[in-house]
Each structure stands twice: as structure tokens, then as C-alpha cells.
**Student:** 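Once you've had a glance at the structure underneath, I'll fire off some questions.
Proteins get letters first, then strands, A, B, ... in listed order; numbering begins at 1 in each. Just so it is clear, the model here is predicted, and its values are computed rather than measured.
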Amino acid sequence: MTPSPTDVAALHTVLLDWFDRHARDLPWRRDPSPWPVLVSELMLQQTPVVRVLPVFEAWMLRWPAPPDLAAEPAGEAVRAWGRLGYPRRALRLHAAAVAIVEQHGGDVPADHDDLLALPGVGEYTAAAVASFAFGQRHVVLDTNVRRVLARVADGQQYPAPAVTAAERRLAGSVLPEVGAHRWAAATMELGATVCTARSPRCGDCPVADLCRWRAAGHPEHVGPPRRGQAWDGTDRQCRGRLLAVLRDSTDPVTLAQLEAAWPDQQQRMRCLDSLVADGLVQPAAGSTYTLPG
DNA sequence: AACTCGTGGGT
DNA sequence: TACCCAAGAGT
């Protein structure tokens with residue numbers, strides 16, 4: 001439900017004021033240049049801030065601009081990605097750097113649609129980079145913003161499994177005409193640090209008095225339970241083990257070394273094949289494997 | 001539209 | 001302990 005204009009104005013005032021006082025001092029905020037912002041956004045897809053920080057710092061020292069990364073083999077990006085998870089993101093970030101060099105003269109494009117065309121950049125990331133690095137006005141709908149809006153405006157504990165049209169409409173209706181990029185950052189920050197999924201700290205929330213979920217007495221989520229992510233014995237676990245062996249070795253890895261990482265032969269070879277198909281692993285001489293050159 | 005894709009810390 | 005879930009994207 002769309003809040004009244006009065007409530008929207010109050011939300012803006014109180015949340016932006018809170019953000020002035022409580023925003024975390026993150027490196028990609030201290031220097032919100034396009035490349036650091038793009039790198040951070042790729043790393044932050046499904047990965048918590050605290051785990052991204054050290055990898056981000058090392059990454060920016062090594063590759064301070066898109067051409068620096070584009071000049072390296074993709075495998076170096078995969079290795080530097082370390083244990084952030086979802087290593088295909090490292091491949092996409094490398095491919096994005098190449099595209100930026102080839103199609104945009106080495107500078108991260110400012111246009112939303114140009115950003116969206118980059119590998120690894122979807123609707124959220126395009127809006128985030130356009131907002132935070134270029135100060136544009138876009139609906140930035142990440143998991144934090146979705147949860148904050150679900151609670152404050154809709155009185156629901158959690159948003160729907162996937163972004164709905166109504167949700168996007170609501171987010172657009174509360175987006176300030178001026179300073180939209182700060183509003184985006186503020187709502188994300190609130191969701192990340194106060195209006196958290198598991199244990200919201202409503203006592204510290206600047207918009208508690210305007211929150212419909214709180215007014216309704218914090219009703220539990222109703223509806224189909226959200227499926228967790230299976231892990232033990234999955235291909236994802238197997239792929240992770242195999243790629244860890246590759247990351248930790250500068251020399252080509254033998255099939256025997258990979259066998260030590262995952263006992264099930266059939267699954268091991270299937271996952272190795274899928275890693276090769278994804279471009280994360282490259283076959284080398286004598287039935288050995290390396291990160292992509 | 002549902003499914004896949006890593007990793008590790010919090011509760 | 002056994003989940004839950006984190007600045008999503010691609011297919």
C-alpha cells in the first residue's frame with residue numbers, strides 16, 4: 001500500500017537524518033567513483049559486507065581501473081576472488097572490464113542501459129551504480145530495501161519471493177525527486193543494520209513510529225515457507241571444493257589431486273565438466289587443469 | 001517462472 | 001545443532 005504524502009515526507013526526513021548519523025564508513029562510499037562502486041556491487045551480490053571488505057581493498061590496489069583488470073587473464077580474477085562465493089561473478093567482472101575497455105573507452109558507463117548490458121550487471125546493480133557513482137535517480141530494489149518497504153509500508157514481515165510489479169511501484173512512489181541516491185543508500189543501510197531479516201532492532205529504528213508491521217504487532221510471515229538452500233552433497237559444494245584446489249595451486253592440477261577433494265567419481269567429473277563449461281577451469285596438457293588463462 | 005550458482009557467520 | 005540468509009544474475 002502506498003503511504004500518504006505526509007508519511008512519505010516524514011519517512012524522508014527521519015531516515016535521511018538517521019543516515020547522516022549512522023552510515024557506515026565503507027570504502028566504496030568514501031570514494032564512490034564508478035569503478036570502485038561497480039566492483040563492490042558485484043562482490044556484494046549475495047555476500048555480506050564484512051567478507052567483501054578485505055577482498056575489495058586488495059582488488060582495488062591491484063586493479064585500480066578497468067583496463068588494469070581487462071589486461072589480465074580471467075583466471076587471475078577468479079584467484080583474487082578467493083572465497084567470496086559464486087566465482088562466476090569474478091568471471092563476469094573481468095568480462096565487464098573487457099567490455100568497458102572495448103566499448104566505453106575504459107570508463108564505466110553512466111547510462112543505466114549501458115550498465116545493464118555489462119556481464120554480471122542486472123536490474124539492481126545497474127540502478128545501484130547509476131545512483132551511487134553517478135548520482136542518478138533510480139529505483140534501487142535490493143533485499144534490504146524490499147524488506148524495509150514490506151515492513152514499513154505493507155506491514156509484512158518479509159517481501160514476496162520475487163520482485164513484484166506492486167513492489168516496484170511502491171518503491172518508485174516513495175523515491176524522492178531530489179537526492180534519490182541518498183534515499184537508496186539510506187534504505188539499504190537501514191535494512192542491513194537495523195531492519196534485519198532475523199532479529200530486527202526496532203528499538204533503534206528511526207522509522208519505528210511509521211512502521212505498519214510494528215503497529216500490527218510484528219505478525220509472523222504467513223504463506224508457503226521459503227525453501228532453504230540445500231548444501232551437503234550438492235554440485236555447488238563439489239564445485240566449490242574442486243575450484244578451491246585450483247585456486248590454491250599455481251601449477252596445473254592433476255585428476256588425482258581433484259579426486260582427493262571429492263570422492264564421488266561421477267559427480268566429481270560432472271562438476272569438473274561444468275566448471276570447464278562455465279569458463280572457470282581450463283583443461284591443460286596431460287589431463288591436468290588450471291584456472292583460465 | 002523456477003532453478004542454479006559458494007561461502008561462512010549469526011541465531 | 002541446524003538452519004537461515006547475505007547490496008542477485010543468468011538461463
Side-chain angles (χ1 to χ4, degrees), chain A residues 23-24 26-29 32 36-56 78 81-93 95-96 115-133 138-149 157-165 171 181 183-193 195-201 221 224-247 261-262 270-271 274-275 277-281:
Chain A
R24 289 169 292 178
L26 302 171
W28 47 86
R29 282 183 181 159
V37 169
L38 179 63
V39 170
S40 70
E41 290 301 340
L42 264 290
M43 290 183 173
L44 288 163
Q45 291 169 2
Q46 298 286 281
T47 302
V49 166
V50 288
R51 208 176 313 162
V52 164
L53 285 171
V55 180
F56 172 84
V78 174
W81 197 257
R83 306 188 66 82
L84 286 184
Y86 292 147
R88 290 189 294 190
R89 291 181 294 162
L91 238 35
R92 292 173 187 151
L93 181 51
L115 288 165
L116 197 55
L118 295 174
V121 176
E123 186 55 49
Y124 160 76
T125 302
V129 173
S131 296
F132 303 145
H138 293 278
V139 171
V140 180
L141 258 191
D142 80 321
T143 188
N144 293 304
V145 176
R146 296 187 62 216
R147 186 175 53 251
V148 167
L149 292 179
Q157 185 179 23
Y158 297 121
V163 177
T164 65
H181 63 286
W183 169 256
T187 48
M188 288 175 66
E189 189 76 352
L190 186 72
T193 64
C195 193
T196 58
R198 201 70 83 77
S199 305
R201 301 162 36 221
H221 167 77
R226 341 173 37 160
R227 338 193 323 275
Q229 310 167 0
W231 178 245
D232 282 331
T234 61
D235 282 3
R236 292 159 76 185
Q237 185 183 32
C238 178
R239 285 165 54 106
R241 293 264 181 87
L242 297 180
L243 197 61
V245 175
L246 273 288
R247 270 201 314 266
W262 195 264
R270 178 175 74 243
C271 288
S274 76
L275 286 168
D278 287 347
L280 284 164
V281 171

**Student:** Is there a side chain to side chain contact (heavy atoms under 4.5 Å, CB included) between A:Trp81 and A:Met43 once you walk through the steps?
**Tutor:** CA-CA 9 Å; A:Trp81 197 257; A:Met43 290 183 173; 3.7 Å; yes
**Student:** Does A:Ser40 reach a base, just sugar-phosphate, or nothing at all? Heavy atoms under 4.0 Å.
**Tutor:**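 Nothing, no heavy atom under 4.0 Å.
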**Student:** Heavy-atom nearest nucleotide on DNA chain B for A:Ser274 versus A:Arg198: which residue maps closer to 5'?
**Tutor:**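 On the 5' side of the pair lies A:Ser274.
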**Student:** Under 4.0 angstrom, heavy atoms only, what part of the nucleic acid is A:Val50 near: base, sugar-phosphate, or nothing?
**Tutor:**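 Nothing, no heavy atom under 4.0 Å.
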**Student:** By the 4.0 Å heavy-atom rule, please label A:Arg83 as base, sugar-phosphate, or nothing.
**Tutor:**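 Sugar-phosphate, backbone atoms only, no base.
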**Student:** Give the rounded distance in Å between these two atoms: CG of A:Leu84 and P of C:dA9.
**Tutor:**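 After rounding, the gap between these two atoms is 16 Å.
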**Student:** Give a yes-or-no answer on whether the side chains of A:Glu41 and A:Tyr124 include a donor-acceptor pair shorter than 3.5 Å.
**Tutor:**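 The answer is yes; a qualifying pair exists.
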**Student:** What's the CH2-C1' distance between A:Trp231 and C:dC3, to the nearest Å?
**Tutor:**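 Result: 15 Å.
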**Student:** May I have the distance from A:Tyr158 (atom OH) to C:dC4 (atom C1'), rounded to whole angstrom?
**Tutor:**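 Rounded to whole Å, this separation is 9 Å.
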**Student:** Hey, where on DNA chain B does chain A first and last touch, going 5' to 3'? Cut-off is any atom under 4.0 Å from a heavy atom.
**Tutor:**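 In short, chain A contacts DNA chain B from B:dC3 to B:dT11.
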**Student:** Nearest nucleotide by nearest heavy atom, which residue falls closer to the 5' end of DNA chain C, A:Ala126 or A:Arg147?
**Tutor:**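 It is A:Arg147 whose nearest nucleotide is closer to the 5' end.
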**Student:** Going from CZ on A:Arg147 to CE on A:Met188, what distance comes out if it is rounded to the nearest 0.5 angstrom?
**Tutor:**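 One gets 11.0 Å once the value is rounded to the nearest 0.5 Å.
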**Student:** Roughly how far, to the nearest 0.5 Å, is the CG atom of A:Leu42 from the CZ atom of A:Phe56?
**Tutor:**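 If we round to the nearest 0.5 Å, A:Phe56:CZ and A:Leu42:CG are 11.5 Å apart.
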**Student:** With DNA chain C as reference, determine whether A:Gly228 or A:Leu44 sits nearer its 5' end, using the nearest nucleotide of each.
**Tutor:**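 Looking at the nearest nucleotide for each, A:Gly228 comes out on the 5' side.
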**Student:** How far does CG of A:Leu115 sit from CG of A:Leu118, to the nearest 0.5 angstrom?
**Tutor:**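 Reported value, rounded in 0.5 Å steps: 6.0 Å.
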**Student:** In whole angstrom, give the distance that lies between atom OH of A:Tyr86 and atom C1' of C:dG10.
**Tutor:**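 Answer to the nearest Å: 12 Å.
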**Student:** Mind checking A:Leu26 for me? I need base, sugar-phosphate or nothing, with any heavy atom below 4.0 Å counting as a touch.
**Tutor:**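 Here A:Leu26 touches the bases of the nucleic acid.
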**Student:** Take atom CG of A:Leu53 and atom C1' of C:dA6, then tell me their distance rounded to the nearest Å.
**Tutor:**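 One finds 14 Å between C1' of C:dA6 and CG of A:Leu53, rounded.
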**Student:** Taking C:dA7 as the reference, what is the distance to B:dC5 when you measure between their P atoms (whole Å, please)?
**Tutor:**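 Roughly 22 Å separates the two P atoms.
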**Student:** Quick check for you: to the nearest 0.5 Å, what is the distance between A:Arg29 atom CZ and A:Phe132 atom CZ?
**Tutor:**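 Those atoms lie 7.5 Å apart.
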**Student:** Please work out if A:Gly122 contacts a base, only the sugar-phosphate, or nothing of the nucleic acid, heavy-atom cut-off 4.0 Å.
**Tutor:**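 Touches sugar-phosphate only.
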**Student:** Quickly work out the A:Gln229 CD to C:dA6 P distance and round it to whole Å.
**Tutor:**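 Going from A:Gln229 (CD) to C:dA6 (P), I get 10 Å.
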**Student:** Counting the atoms with a prime plus P, OP1 and OP2 as sugar-phosphate, which does A:Arg24 contact under 4.0 Å by heavy atoms, base, sugar-phosphate, or nothing?
**Tutor:**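 Contact class for A:Arg24: base.
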**Student:** Students often get this wrong, so: under 4.0 angstrom with heavy atoms, is A:Trp28 touching a base, only sugar-phosphate, or nothing?
**Tutor:**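 Base contact.
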**Student:** What is the separation between atom NE2 on A:His181 and atom C1' on C:dA7, rounded to the nearest whole Å?
**Tutor:**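 So the NE2-C1' distance, A:His181 to C:dA7, works out to 17 Å.
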**Student:** Could you give the distance separating C:dC3 and B:dG6 at their P atoms, to the nearest angstrom?
**Tutor:**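 Result for the P pair: 22 Å, nearest Å.
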**Student:** Quick one: A:Gln46 CD to C:dG10 P, roughly how many Å, whole number?
**Tutor:**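 That distance rounds to 13 Å.
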**Student:** Say you draw a straight line from OG1 of A:Thr143 to CD of A:Gln45; how long is it, rounded to the nearest 0.5 Å?
**Tutor:**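 Rounded to the nearest 0.5 Å, the OG1-CD separation comes out at 13.0 Å.
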**Student:** By nearest atom, which of the nucleotides C:dC3, C:dA6, C:dA7 is closest to the A:Ala197 side chain?
**Tutor:**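 So the nucleotide nearest the side chain must be C:dA6.
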**Student:** Base, sugar-phosphate or nothing for A:Thr143? Non-hydrogen atoms, less than 4.0 Å.
**Tutor:**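 Sugar-phosphate, no base atom in range.
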**Student:** Under 3.5 Å, is there a donor-acceptor pair linking the side chains of A:Arg239 and A:Ser274?
**Tutor:**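 A donor-acceptor contact under 3.5 Å links the two side chains.
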**Student:** Taking the side chain of A:Pro48 as heavy atoms from C-beta outward, which of C:dA7, C:dG10, C:dA6 is closest to it?
**Tutor:**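 From the listed options, C:dA6 comes nearest.
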